Amino acid sequence: MVEGIGDQILIAGAAIYLRANGVSNLETLDLNQITIVDSGGASQTPYMVYLACGRHADEIAAIVLLDSDQSGNEAKKHLLGKGGGQHRRPLLKEKFILQLADLKEEFCFITDNVTAQLEIEDIIPLPICIKAIKLFLQEFLEIEEAELLFLTEDLISSNMAGKTILDVIEQTLKDFPDLEISKAGFARNVIRVVNEWPRERNSLNEREIHALRVFEQNFKILFKKLNVMQHSAQQKLTRERLSQKIDRLKKDFIARHPISAKREDGVILFDEIEGILENNIQNESIKEIEATKSEIQNLRRDYKLDIDMNKMIDDYTGFQVGLERIKYAGLLASQEEIIEDVEVEKSAISEEVLEEVQTDKLVVDGQAQLVNEQEPTASELKTGEVSGNPATSNKRRKSNPR
């Protein structure tokens with residue numbers, strides 16, 4: 001997701017240019033795999049992200065590229081749920097949001113006085129920018145080339161301090177009445193320049209040749225970072241999909257067996273889950289697959305599911321809690337940074353499961369009150385090890401109400 005159509009044109013054009021010049025896949029974008037969406041402005045980006053993945057998080061892996069100006073900063077706050085107003089729920093994690101200034105130390109700039117409020121146009125070397133703006137003015141406004149001879153690198157760079165390159169160009173062209181630089185028109189002509197200059201290399205001066213190299217280097221840096229983010233977002237999406245498939249099987253099982261189940265029912269459930277794991281082995285890490293399988297084997301053993309399968313599962317409440325551990329086993333194995341969040345959610349869900357099952361037992365048995373004092377099984381002891389200190393978990397839930 002990008003702010004505007006100018007960003008979309010520059011990124012797509014630069015990706016095609018670099019790929020045509022044999023740049024590695026890690027330093028360009030595969031436009032067959034990535035869709036660049038123009039959000040219509042920084043202020044519209046949070047809502048466009050919500051439309052794209054806020055309601056269908058299991059379908060789209062989204063990353064966002066923003067300018068580092070005030071509007072970009074505000075958009076990032078809203079995406080993180082820190083902007084106030086209606087966007088109080090985070091739409092994306094911070095690692096899936098990139099502002100151009102985040103890479104400022106890696107980019108190469110021909111001029112030294114680069115603004116901190118970096119826009120994508122600012123990573124394009126000045127000689128290319130000037131040539132592109134001249135082509136735009138000649139083509140769109142039919143201004144004669146001789147009228148633009150005053151538009152030089154020295155003139156633009158002398159006014160660059162604390163400003164974006166397009167702001168300086170617009171200020172320089174203030175003598176042209178009612179002139180507003182089109183970002184889309186500028187971007188289109190930037191891509192035209194970088195595609196034409198290599199064919200005219202013999203007629204280029206050293207500064208123009210260097211500018212072409214800097215353009216390539218800066219966009220390779222940008223694309224390499226975007227590829228890392230996209231890969232991470234795709235991995236997260238794949239893990240969520242697997243987790244959701246397991247969760248669906250688990251919910252269906254509990255819906256069919258709310259109070260008790262035979263051991264053979266548990267065996268059938270675990271066979272289905274292991275089938276899903278095998279089908280996803282190409283998309284998941286071996287570590288995640290093995291962690292989930294290990295949790296299944298623990299439950300098979302603890303509840304003796306493969307022995308006397310016509311018998312009922314002992315301690316069915318503990319077995320249901322154990323099913324929650326299967327859902328999160330892969331995530332716990334692969335994402336250390338979200339362990340705490342997962343444990344808090346597991347604790348809350350586990351208590352809901354306990355309350356629902358105990359309530360059902362009251363209806364069936366006609367008991368007057370819940371029976372809370374039970375001998376802990378091996379499975380419940382394992383639940384304690386995974387979920388951590390109950391007091392700590394409860395404290396976290398109170399500080400993060402659902």
Side-chain angles (χ1 to χ4, degrees), residues 2-21 23 28-29 31 36 38 41 65 67 100 107-111 114-115 118-160 163-220 222-223:
V2 295
E3 290 187 16
I5 190 171
D7 307 298
Q8 186 182 46
I9 293 171
L10 282 172
I11 291 173
I16 294 170
Y17 167 79
L18 291 174
R19 186 169 292 276
N21 283 274
V23 172
T28 187
L29 299 180
L31 299 181
I36 305 167
D38 159 25
L65 175 66
D67 293 336
L100 285 155
F107 287 138
C108 177
F109 300 101
I110 294 179
T111 57
V114 179
T115 176
L118 213 59
E119 298 179 350
I120 194 168
E121 294 84 4
D122 295 311
I123 71 173
I124 302 168
L126 195 51
I128 296 176
C129 288
I130 291 176
K131 181 63 175 178
I133 205 67
K134 286 182 177 180
L135 288 173
F136 166 73
L137 294 173
Q138 292 171 42
E139 176 186 62
F140 185 60
L141 297 181
E142 299 181 347
I143 298 175
E144 295 295 331
E145 185 175 1
E147 296 182 69
L148 300 173
L149 292 176
F150 74 95
L151 196 59
T152 64
E153 292 179 45
D154 290 338
L155 177 62
I156 300 299
S157 60
S158 64
N159 295 301
M160 282 286 292
K163 300 175 183 177
T164 67
I165 192 165
L166 285 186
D167 285 343
V168 176
I169 291 175
E170 284 189 337
Q171 183 180 359
T172 305
L173 296 171
K174 64 181 182 297
D175 293 334
F176 290 85
D178 301 323
L179 174 63
E180 182 178 350
I181 301 298
S182 163
K183 285 194 171 187
F186 172 77
R188 175 179 172 274
N189 281 283
V190 166
I191 301 305
R192 174 182 170 183
V193 170
V194 298
N195 279 284
E196 288 180 352
W197 275 11
R199 296 194 292 268
E200 304 168 357
R201 190 173 292 272
N202 292 336
S203 62
L204 299 180
N205 59 45
E206 286 297 324
R207 193 162 181 79
E208 290 169 335
I209 293 173
H210 180 61
L212 200 55
R213 291 172 182 162
V214 171
F215 174 88
E216 294 173 359
Q217 184 62 28
N218 282 347
F219 275 90
K220 286 195 291 186
L222 175 61
F223 291 158

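Values reported hereafter were calculated over all heavy atoms of this structure, with side chains retained and with hydrogens, waters and symmetry mates removed. These figures come from a predicted structure and were not determined experimentally.
Interatomic distance, Met160 CE to Glu153 CD, rounded to the nearest 0.5 Å: 11.5 Å. Rounded to the nearest 0.5 Å, atoms CD1 (Ile209) and CD (Glu206) are 5.0 Å apart. Residue Glu196 holds its CD atom at 7.0 Å from CG of Leu135, rounded to the nearest 0.5 Å. The distance from atom NZ of Lys163 to atom CD1 of Ile169, rounded to the nearest 0.5 Å, is 12.5 Å.
A 4.5 Å side-chain heavy-atom check between Leu100 and Asp122 finds every atom pair outside the cut-off. Considering only heavy atoms from C-beta on, Glu139 comes within 4.5 Å of Asn189 through its side chain. Side-chain atoms of Leu148 and Gln138, non-hydrogen and from C-beta on, do get closer than 4.5 Å to each other. Side-chain contact between Val194 and Leu212 is present, with at least one heavy-atom pair separated by less than 4.5 Å. Residues Leu173 and Ile181 are in side-chain contact: their nearest non-hydrogen atoms beyond the backbone lie under 4.5 Å apart. Two residues are said to be in side-chain contact when any heavy atoms from C-beta on lie closer than 4.5 Å; Ile124 and Phe186 meet this criterion. Contact annotation: the side chain of Glu200 never approaches that of Glu208 to less than 4.5 Å [non-hydrogen atoms, C-beta and beyond].
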Enumerate donor-acceptor pairs with a distance under 3.5 Å from any side-chain N or O in residues 6-18 to protein atoms, sequence neighbours excluded.
residue : atom : partner : partner atom : Å
Asp7    : OD2  : Gly4    : N            : 2.9
Gln8    : NE2  : Ile36   : O            : 2.8
Tyr17   : OH   : Glu216  : OE2          : 2.5

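Residues Leu118 and Phe107 come closest through the heavy atom pair CD2-CD1, 4.1 Å. Ile130 approaches Ile156 most closely through the heavy-atom pair CD1-CG1, 4.1 Å. Taking each heavy atom of Val193 and Lys131 in turn, the nearest pair found is CG2-CG, 3.6 Å.
Between the side chain of Asn218 and the backbone N or O of Cys108, at least one donor-acceptor pair lies under 3.5 Å. The closest donor-acceptor contact from the side chain of Asn205 to the backbone of Arg207 lies under 3.5 Å. With hydrogens and angles ignored, the 3.5 Å screen pairs no side-chain donor or acceptor of Glu121 with any backbone N or O of Ile165. With Arg199 contributing its side chain and Asn195 its backbone, the two residues share a donor-acceptor pair below 3.5 Å.
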(request) Evaluate the criterion side chain to side chain contact (heavy atoms under 4.5 Å, CB included) for residue pair Leu65 and Leu222; output intermediate values, then yes/no. (result) CA-CA 10 Å; Leu65 175 66; Leu222 175 61; 4.1 Å; yes

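Glu3 and Lys183 are not joined by a salt bridge, as no carboxylate oxygen comes within less than 4.0 angstrom of a charged side-chain nitrogen.
In terms of the ring pair (Phe, Tyr, Trp, His ring centres under 6.0 Å) criterion, residue partners of Phe219 (sequence neighbours excluded) are, by chain and number, Phe215, Phe223.
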